[in-house]
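Excluded from the calculations below are hydrogen atoms, water molecules and symmetry mates; all remaining heavy atoms, backbone and side chain alike, are included. In what follows, chains carry the letters A, B, and so on, assigned in the order in which the sequence lines appear, proteins first and then strands, with residues in each chain numbered from 1.
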Amino acid sequence: MAEEIYFWAVSELAPLLKARKISPVEVVRAYLHRIEAVNPKVNAYLTVTGELALRQAKVAEQEIVRGRYRGTLHGVPYAVKDLIATKGILTTNGSRVTEEWVPNYESTVTSRLNQAGAILLGKLNLLEFAMGSGQVGLKGPARNPWDLAHSPSGSSSGSGASVAAGMTPLSIGTDTGGSIRGPAKSCGVVGLKPTYGRVSRYGVTALSWTLDHVGPMARSVADVASMLQVMAGADVADGTASREAVPDYDKALRGGIKGLRIGVPTEYFFDRVQPEVEAALRLALNRLKELGAVLVDVRVPHAGICGAASAVILSSEASSVHEKKWKQQAELLDQLVKERLEAASFHTALDYIKALRVRTVLMEEVGQLFERCDVWMLPAGNPAPRLEEEIVGTDGPGGRVSAPRPDTLNIANVTGIPALVLPCGFTAGPPALPIGIQFCGRAFDEPTLFRVGHAYQMVTDWHLRRPVV
Amino acid sequence: MSVSRRKLFGAVALVAPVQAAEPGAIAAVAEAHGVSLSPERLRVIERVLASRKAQRETLRLFEIGESVEPTQGIRRK
């Protein structure tokens with residue numbers, strides 16, 4: 001392989017690690033050097049656990065040499081959004097309120113990855129408490145590796161930027177209203193918001209209990225599938241983690257998509273999509289048609305109410321999560337965080353309950369949609385904005401107020417269905433910025449999403465392009 | 001008489017969701033109820049109300065069948 005080691009896919013790296021043709025120590029050193037070279041520009045990492053990573057790499061090396069190979073992720077590095085608890089390692093939530101917090105417990109997702117032999121490289125930059133502005137941040141914002149003046153999108157900004165820039169092959173993000181899929185789209189990588197309850201949220205700082213999801217990000221669908229294989233499953237520490245059996249996601253990649261029905265929305269979801277992005281999405285759909293997929297018109301009659309319901313649920317629950325901080329340490333909070341928490345003061349109990357009932361309506365309509373198709377295609381949003389155009393709250397230039405998130409993303413949070421974003425093109429530029437396509441599936445049908453995404457990546461090379469940082 | 005901030009805003013939100021967005025409305029109501037709000041706080045509140053007014057109205061005006069219940073977790077078919 002001519003490409004630098006830090007851009008190798010896990011699907012390429014793992015066999016070499018297993019066969020002892022490369023050592024985990026060599027891999028980790030390559031990534032640590034990459035981080036040292038590039039992080040000052042991209043600012044994806046808040047904490048780099050270099051010494052720990054090398055120690056874990058040596059342990060992994062010894063285990064593999066002795067024939068105790070744990071599986072695909074053994075000796076493979078990963079990094080995690082800094083609102084996921086890592087025992088003994090600083091976990092800041094991107095906030096001055098918790099900038100010195102060192103958890104004395106481990107989140108379930110990192111515990112599972114560690115048990116699988118994966119090696120933690122560090123903690124990643126994010127929007128404060130997963131809802132802050134895109135410009136401030138504890139140590140400044142993460143930047144888009146494709147153009148450093150642009151945002152990687154958030155709130156899992158570091159998770160997207162680090163993967164795109166070759167600073168980790170795998171990362172973990174969280175998604176309450178698009179916070180994995182937005183960065184995946186903006187950074188030209190793959191991001192999965194799994195089905196609600198597919199991955200345990202134990203040890204993950206909550207934003208909204210009804211809408212929160214934890215998920216993997218990588219440079220290919222195959223690598224995301226490998227990561228979900230380890231992360232998914234029931235958890236006694238999280239009552240919402242489902243007991244649904246975890247299928248073989250690697251097997252799910254194969255089989256092709258002949259006859260697969262892809263639902264394409266006929267109204268609403270393309271309303272705010274830029275022409276260049278829509279052209280790329282339609283081209284991607286044609287590519288899938290050439291592979292044998294069938295395109296079907298679909299609609300969600302009340303899609304337009306999703307944003308309002310999501311906003312009420314999110315701000316109400318977030319306000320409850322952070323009530324104490326808001327009352328006692330408001331001066332330490334990001335302006336947009338304060339604004340979003342304040343909004344909940346103007347919701348009544350009736351508003352909140354109605355929003356939950358609207359959720360039922362949307363679940364019913366989306367359920368009917370999946371009687372007509374096997375996966376549902378949606379836009380993933382417009383290309384990344386410039387950093388100074390990011391939402392900042394009332395202190396923005398000219399007093400701009402925060403705009404509602406695109407409903408192409410939060411419909412999957414509100415209904416709990418899985419949603420996968422992968423790259424499908426670039427804007428003409430300059431600068432040339434990634435364009436992403438989104439596929440949603442039935443509950444717990446991540447396998448079909450992986451099958452579609454993998455089939456697309458086998459005939460395209462968008463996911464093989466690399467930014468020059 | 002003084003009331004908690006939450007009760008104050010809840011009352012304003014329920015009774016006058018549109019009027020609450022008018023400049024000075026919150027400050028006037030707060031003063032009448034003995035609740036003191038800093039200028040910065042008022043600025044945030046008024047901008048929040050203005051920016052989310054359309055969304056709030058959309059949700060409150062949406063007609064929903066009486067039999068529709070909130071769903072715990074997710075639905076499966």
Side-chain angles (χ1 to χ4, degrees), chain A residues 195-198 210 239-240 242 244 302 304-305 307-312 315 319 327 330 335 338-364 366-368 370-371 393-395 399-404 415-417 442-444, chain B residues 3-23 25-27 29-30 33 35-77:
Chain A
T195 307
Y196 184 83
R198 178 74 290 180
T210 301
T240 67
S242 173
E244 183 81 15
H302 290 103
I305 192 82
S310 170
V312 169
S315 66
S319 187
K327 282 179 179 169
Q335 180 64 27
K338 283 192 277 198
E339 202 177 288
R340 285 181 162 156
L341 298 180
E342 191 74 76
S345 299
F346 300 93
H347 302 321
T348 63
L350 291 177
D351 290 333
Y352 178 69
I353 293 169
K354 189 162 191 189
L356 294 179
R357 294 171 73 203
V358 163
R359 200 170 157 253
T360 300
V361 170
L362 290 170
M363 284 175 169
E364 186 62 38
V366 167
Q368 287 167 11
F370 278 113
E371 288 172 7
T394 55
D395 280 342
R400 282 180 294 111
V401 294
S402 48
T415 58
I417 58 175
R442 299 185 183 96
F444 299 104
Chain B
V3 300
S4 72
R5 182 186 52 78
R6 280 198 184 280
K7 283 185 181 166
L8 166 69
F9 292 161
V12 168
L14 186 60
V15 173
V18 174
Q19 282 84 343
E22 298 298 322
I26 291 290
V29 173
H33 286 84
V35 174
S36 173
L37 296 171
S38 68
E40 198 231 322
R41 186 76 190 287
L42 271 172
R43 189 168 59 86
V44 172
I45 290 165
E46 286 175 354
R47 289 306 291 254
V48 162
L49 284 174
S51 68
R52 286 167 173 77
K53 177 180 158 184
Q55 266 189 345
R56 261 197 321 284
E57 284 180 358
T58 300
L59 187 67
R60 287 178 180 170
L61 293 172
F62 181 70
E63 291 201 15
I64 197 162
E66 283 184 9
S67 63
V68 176
E69 299 179 4
T71 300
Q72 299 292 329
I74 59 168
R75 290 186 136 204
R76 297 204 64 187
K77 279 202 165 179

Task: Reference residue B:Val68; test side-chain contact (heavy atoms from CB on, under 4.5 Å); the match among A:Leu356, A:Val361, A:Val358 - done: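 Passing option: A:Val361.
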TODO: Measure A:Phe370 against the heavy atoms of chain B and call it side chain, backbone, both or neither at under 4.5 Å.
DONE: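 Neither part, no heavy atoms under 4.5 Å.
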TODO: Could you tell me which portion of A:Ala330 (side chain, backbone, both or neither) has an atom closer than 4.5 angstrom to a non-hydrogen atom of chain B?
DONE: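 Answer is neither: A:Ala330 stays 4.5 Å or more from chain B.
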[Y] backbone acceptor or donor facing [X] side chain under 3.5 Å:
| X | Y | value |
| --- | --- | --- |
| A:Lys354 | B:Phe62 | yes |
| A:Arg357 | B:Gly65 | yes |
| A:Thr360 | B:Thr71 | yes |

Task: Spacing of CD1 belonging to A:Ile305 relative to CD belonging to B:Gln55, to within rounding of 0.5 Å - done: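 A:Ile305 CD1 to B:Gln55 CD: 9.0 Å, rounded to 0.5 Å.
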Task: Nearest-0.5 Å distance, OG1 of residue A:Thr415 to CD1 of residue B:Ile74 - done: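 Separation between the atoms: 9.0 Å.
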Task: side chain to side chain contact (heavy atoms under 4.5 Å, CB included) assessment of B:Arg60 paired with A:Thr348 - done: CA-CA 10 Å; B:Arg60 287 178 180 170; A:Thr348 63; 4.1 Å; yes
